[in-house]
Structures are given as C-alpha cells and as structure tokens.
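If you read the sequence from its start, that first residue is 1, and numbering goes on from there. Whatever order the structure lists ligands and atoms in, that order sets their numbers, starting from 1.
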Amino acid sequence: SKAKAAKLRVFRGTAAGGDFQNYEVETYPGMVVLDAIHDIQAKQSPDLAVRWNCKAGRCGSCSAEVNGKPRLMCMTRMSAYPEGEPITVTPMRAFPIIKDLVTDVSWNFEMAKKIPPFKPRPRDADGNWRMQQIDIDRIQEFRKCIECFLCQNVCHVVRDHQKKEVFSGPRFLIHLATLDMHPLDTLDRREMVKRDFGVGFCNITKCCTEVCPEHITITDNGIIPLKERIADDHYDPVRWLLRKVAGK
Ligand code: FES
C-alpha cells in the first residue's frame with residue numbers, strides 16, 4: 001500500500017524569536033508525533049531540537065503542545081488527528097524557550113528543592129513500619145507522577161499570573177499532599193503549603209487533571225483535600241493543637 005503523508009507545522013526558534021516551519025513526513029501505522037519529529041530530524045532538519053528519552057511515556061521529557069494541547073509527544077498517535085490537516089507542534093507555553101521544542105523547566109526543580117523531604121517516624125520495636133492500607137491507597141496514585149510538567153504548563157495561575165515565586169503549581173501541591181497524607185511522615189508543612197507554595201491561588205479549574213498523562217486525579221484527590229486539611233487547622237484551634245501535640 002502507498003505510504004500516506006502528514007503535514008506538520010513545527011515551531012523553530014529561540015527565546016529571541018522564531019517561526020513555524022512546514023514539513024511533510026510519511027506516516028505508518030502506530031506512528032506517534034515524536035516519531036514524526038525524529039523523522040524530520042533524520043531527513044530534513046538535523047538541528048531541530050527536541051527533548052526525549054524513553055519513548056514509552058515514562059520519563060516525562062517529551063512534553064510539548066500538539067495543536068495547542070499539552071501532550072507527551074511519544075504517546076500521541078498521528079492517527080488521532082484529521083488526515084490532510086497540518087499538525088502544529090509547539091514548545092510548552094509556560095516555560096522559557098531554549099530552542100525549538102525544548103523549554104527551560106528548571107523552575108520546577110527549584111520548587112522541588114524547596115520542599116522539605118519525607119521525615120518518617122521511628123520504626124516499631126520489631127524494626128517494621130506499620131501502616132493502614134487505606135492510608136496507602138490514598139496516596140498511591142500520586143506516586144505515578146512522571147514529572148512531565150504538563151500540569152504545570154496548563155495551569156493558568158502558572159501561565160498568566162506571574163506567580164512563580166509564590167505558587168508551586170499542581171505538580172508540587174501533589175507532592176505536598178503526598179507528604180501531608182503519608183501515614184509515617186512527621187513533619188508539619190501546612191503553613192508552608194499556604195505561604196511558600198500558594199495552595200490558596202489554585203481556583204480548582206481542573207485543567208491540570210485533564211492533561212495528566214498518568215490520569216492522576218490531581219484536583220479532587222490531591223489539591224482539594226490539601227486545601228481542606230489546611231482550612232480545618234485554621235478554623236479549628238483544638239484540632240490544630242492536638243495535631244501539634246501529636247507531632248503531625
Ligand atoms: Fe519519555 Fe515521552 S520520551 S515520556
């Protein structure tokens with residue numbers, strides 16, 4: 001059978017400026033957008049910059065916007081788009097462009113460094129840690145995060161409000177929720193969650209949840225409960241005191 005061709009419009013440029021370049025690639029069954037980008041690199045524009053690693057949806061490196069929607073390029077089938085219409089591939093919008101499809105995501109790693117790590121209580125006398133299954137189940141889905149930063153990219157508080165100093169974005173609120181809900185953790189980060197990570201700025205539009213390639217229920221299972229835990233503390237001094245006495 002004759003190979004089909006697909007049209008791509010790919011952003012080429014740097015922080016100083018850029019433009020779209022049109023390409024045509026031959027498609028094949030199962031082809032993903034990252035394959036098309038690699039094909040362009042191999043045959044047409046060897047200097048096209050793209051970040052990737054696993055090609056299996058595991059490393060979170062190949063985040064970009066395809067037809068304006070945040071996607072992992074390696075998990076996005078070419079066949080998902082209407083035949084004959086150009087597919088537009090652009091770098092993530094919330095982060096500074098380095099070159100072509102590669103953005104500078106170092107702000108995320110700076111945020112990560114600000115979060116005090118897991119601090120477990122001592123083991124039981126027999127050397128084990130005991131936890132309730134229900135407590136494990138609550139945080140298990142959060143651990144699927146591959147740090148693709150698509151949730152950060154799509155969050156309009158991050159995108160539009162220049163709050164990168166005071167708002168950590170959904171990925172790190174999820175990390176903070178994981179720690180706060182962890183049955184073994186002893187560190188109280190709740191004041192910090194408000195003050196340094198800006199949980200109050202999230203207005204629950206759930207854009208993050210919609211784009212998560214791991215289907216983590218970021219807003220309903222992570223951010224809203226985190227907000228509630230902090231609010232409970234705030235409005236219930238008895239609860240606050242008991243928690244403080246209990247060391248959590
Ligand atoms: Fe690793 Fe796409 S290349 S997630």
With heavy-atom distances below 4.0 Å as the criterion, list the atoms of ligand 1 near [X].
X   : value
N53 : 3 (S)
K55 : 1 (Fe), 3 (S)
G57 : 4 (S)
C54 : 1 (Fe), 3 (S), 4 (S)
C59 : 1 (Fe), 3 (S), 4 (S)

Within-4.5 Å side-chain heavy-atom neighbours: T90 and F20: yes
R123 and N128, any side-chain heavy atoms less than 4.5 Å apart: no
With I37, the side chain to side chain contact (heavy atoms under 4.5 Å, CB included) member among V25, V10, D100: V10
Residue part near ligand 1, for R58, under 4.0 Å between non-hydrogen atoms: backbone
Any N, O or S atom of C74 closer than 2.8 Å to atom 1 (Fe) of ligand 1: no
N, O or S from C62 under 2.8 Å to atom 1 (Fe) of ligand 1: no
Nearest-0.5 Å distance that lies between atom CG in D160 and atom CZ in R93: 9.0 Å
Protein residue, atom and distance nearest to atom 4 (S) of ligand 1, heavy-atom basis: G60 N, 3.2 Å
Q152 (side chain) donor-acceptor with S168 (main chain) under 3.5 angstrom: yes
Validation row, ring centre F167 to ring centre F172 under 6.0 Å: no
Check against salt bridge (charged side-chain N to carboxylate O under 4.0 Å, His left out), E83 and K4: CA-CA 9 Å; E83 235 174 84; K4 284 186 189 148; 3.6 Å; yes
